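These figures come from a predicted structure and were not determined experimentally. Each chain gets a letter, A, B and so on, in the order the sequences are listed, and its residues count up from 1.
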Number of protein chains: 2
Amino acid sequence: MSSPNLNTRTRILDATWKLLESGDLQVRMSDIAKAAGVSRQAVYLHFPTRAELLVATTHHIDAAHDVDGLLAASRASKSGRDRLNLFIEAWGNYIPSIYGVGRALMAMQDHDEEARKAWAGRMQAVRHGCEAAVRALENDKDLRPDLSSEEATDLLWMLLSVRNWEHLTRQSGWSQQAYVENMKDLAGKALLVSTE
Amino acid sequence: MSSPNLNTRTRILDATWKLLESGDLQVRMSDIAKAAGVSRQAVYLHFPTRAELLVATTHHIDAAHDVDGLLAASRASKSGRDRLNLFIEAWGNYIPSIYGVGRALMAMQDHDEEARKAWAGRMQAVRHGCEAAVRALENDKDLRPDLSSEEATDLLWMLLSVRNWEHLTRQSGWSQQAYVENMKDLAGKALLVSTE
DNA sequence: CTGTCAAGTTTACACCGTGTCAAGTGACAC
DNA sequence: GTGTCACTTGACACGGTGTAAACTTGACAG
């Protein structure tokens, strides 16, 4: 971004990404420095705090995955039902990519305001996606009539939380595919009108 | 339990309970000591580590609430559907009581094996409750036929996770009652045969 | 060739929270 | 009065984050 060597910066980000993705819990600043082949202080030269490093890593990962492209199919869909299913597929399949850093960020929410805000902001973006899908269902009259659009959005948002992905795939051992299929099914049952 | 004054022990447990329940995050050993009107070292005299103190606090809370009594109605129910609803009510209404300490325990899962195991054990007990409800549905032929009993249990377990309660009531601002009602509804839609 | 500047390294240290240790105090039992 | 038990006081080690300052190295300008 600013003054120091850009190559070093991305090496730090890649190292952070890789370490967190590999499931190592307890990733310390010194671990990251070692993995990046750089001194611990060099990390602080680029990222003033651990929280900012993690946040920067989420952006780094986003950039590597073309997030907008992943959501394009959902946005382009004709029916609300399609939009819902494609959104679940897109987001559900993106979760594994950000889970590592997300977990680290979530772990520090309680004692680091910046981490809390950053993660909350990202989750708010997911909520907007849920909201859009719900609105599309509403337009098609496919949303359960006994549900306000806010309730429906909250419900979908909860179902698609990273914690639920973690729960099913890590605790219960579900495959990624099983997770996505069941979430589509569950979201359908939760949100769609039953008649038809 | 052992040698030191029992009264002090329960004062520490009560203080821990109260502090965690009050939503204060970052509850340190010194905070607890202060709240209990005791020196920090006295806390260590009764509980060797923070993790053990928190675990003891969960048991303390359980003891104060007659957990078995809360589940009696569910266990006594005649139909599987009743059992499911009563279980959701019982557990769902118990969550607020253990949320404080649960949150603290969950926060240290990554770096404390003992905390991880203790919390996992408690959640496993919840899973057993889910399993029993699913089996009751199965006996009544009320379980969706395209779901194995394990899948159904995992799904219900996920729905009833403390994280989902936290998500809906804290992030989305739902009332306790709205949470319970929607969970009953959602679990029904997720697990029950649609015909009828 | 030399001076300077920027990026990184090395070493040291402050701070915080957990957990340990050892000596001291005060009440109560016998 | 002498133990002994529950607790206090004060000191300290450890691990992880973040800060500070002095030193090295390489590139580039004049």
Side-chain angles (χ1 to χ4, degrees), chain A residues 1-16 19-20 24-57 101 103-119, chain B residues 1-16 19-20 24-57 101 103-119:
Chain A
M1 206 71 95
S2 44
S3 15
N5 189 328
L6 215 146
N7 203 6
T8 299
R9 183 187 156 91
T10 64
R11 260 172 45 219
I12 293 171
L13 289 170
D14 285 337
T16 308
L19 280 179
L20 289 169
D24 289 16
L25 33 168
Q26 283 303 87
V27 174
R28 293 163 288 241
M29 293 301 264
S30 53
D31 298 324
I32 291 166
K34 196 183 301 175
V38 107
S39 72
R40 193 171 69 92
Q41 278 53 33
V43 178
Y44 283 104
L45 235 48
H46 290 268
F47 308 95
T49 68
R50 196 176 115 95
E52 289 191 44
L53 169 55
L54 294 181
V55 172
T57 304
V101 58
R103 176 186 185 165
L105 232 21
M106 288 187 288
M108 54 193 303
Q109 279 194 332
D110 282 350
H111 56 272
D112 191 305
E113 183 61 14
E114 192 193 355
R116 215 209 86 254
K117 275 172 129 169
W119 187 249
Chain B
M1 207 72 94
S2 44
S3 16
N5 190 326
L6 216 146
N7 202 5
T8 300
R9 183 188 156 90
T10 64
R11 262 174 40 221
I12 294 170
L13 289 171
D14 285 337
T16 309
L19 280 179
L20 289 170
D24 289 17
L25 35 166
Q26 284 305 86
V27 174
R28 293 163 289 242
M29 293 301 262
S30 53
D31 298 324
I32 291 166
K34 197 183 302 174
V38 108
S39 71
R40 192 171 69 91
Q41 277 55 31
V43 178
Y44 283 103
L45 235 48
H46 291 267
F47 308 95
T49 66
R50 196 175 114 96
E52 290 191 44
L53 170 55
L54 295 181
V55 173
T57 304
V101 58
R103 176 186 184 165
L105 231 21
M106 288 188 288
M108 53 193 305
Q109 279 194 332
D110 283 350
H111 56 273
D112 191 303
E113 182 61 14
E114 193 192 354
R116 215 209 86 254
K117 274 172 127 169
W119 188 248

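One interatomic measurement links the two molecules: CD of A:Gln26 to P of D:dC14, which rounds to 19 Å at whole-angstrom precision. For the pair B:Met29 CE and D:dC14 C1', the computed distance is 16 Å after rounding to whole Å. In this entry the distance linking CZ of B:Arg11 with C1' of D:dT8 reads 13 Å, nearest Å. To the nearest angstrom, P of C:dG17 lies 8 Å from CG of B:Asp31. Taking atom CG on B:Leu45 and atom C1' on D:dT8, their separation rounds to 10 Å, with Å as the unit. Summarising the geometry, the separation between CD on A:Glu113 and P on D:dT17 is reported as 20 Å, rounded to the nearest angstrom. Distance, B:Asp112 CG to C:dG17 C1': 14 Å, rounded to whole Å. Computed from coordinates, the B:His111 NE2 to C:dT18 C1' distance equals 10 Å when rounded to whole Å.
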Under the criterion salt bridge (Lys or Arg N to Asp or Glu O under 4.0 Å), I'd like the reasoning laid out for A:Arg11 against A:Asp14: C-alpha separation, chi angles, the key distance, then a yes or no.
CA-CA 5 Å; A:Arg11 260 172 45 219; A:Asp14 285 337; over 6 Å; no
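A donor-acceptor contact under 3.5 angstrom links the side-chain atoms of A:Gln41 to the base of D:dT19. Between the side chain of A:Arg40 and the base of C:dG8 there is no donor-acceptor pair of N/O atoms closer than 3.5 Å.
At least one side-chain nitrogen or oxygen of B:His46 sits closer than 4.0 Å to the OP1 or OP2 atom of D:dC7. Taking 4.0 angstrom as the limit, A:Thr8 places a side-chain polar atom (N or O) nearer than this to OP1 or OP2 of C:dG8.
Among D:dG18, D:dT17, C:dG19, the nucleotide with an atom closest to any side-chain atom of B:Arg50 is C:dG19. Taking only side-chain atoms of A:Tyr44, from C-beta outward, the nucleotide of C:dG17, D:dC7, D:dT17 with the closest atom is D:dT17.
Put simply, the side chain of A:Val43 does not reach to within 4.5 Å of the side chain of A:Thr16, judged on heavy atoms. Looking at heavy atoms from C-beta onward, A:Leu13 lies in side-chain contact with A:Phe47 at the 4.5 angstrom threshold.
By the salt bridge (charged side-chain N to carboxylate O under 4.0 Å, His left out) test, B:Asp112 pairs with no residue at all, sequence neighbours left out. Evaluation of the salt bridge (charged side-chain N to carboxylate O under 4.0 Å, His left out) rule for B:Glu113 yields B:Arg116 as partners, not counting sequence neighbours.
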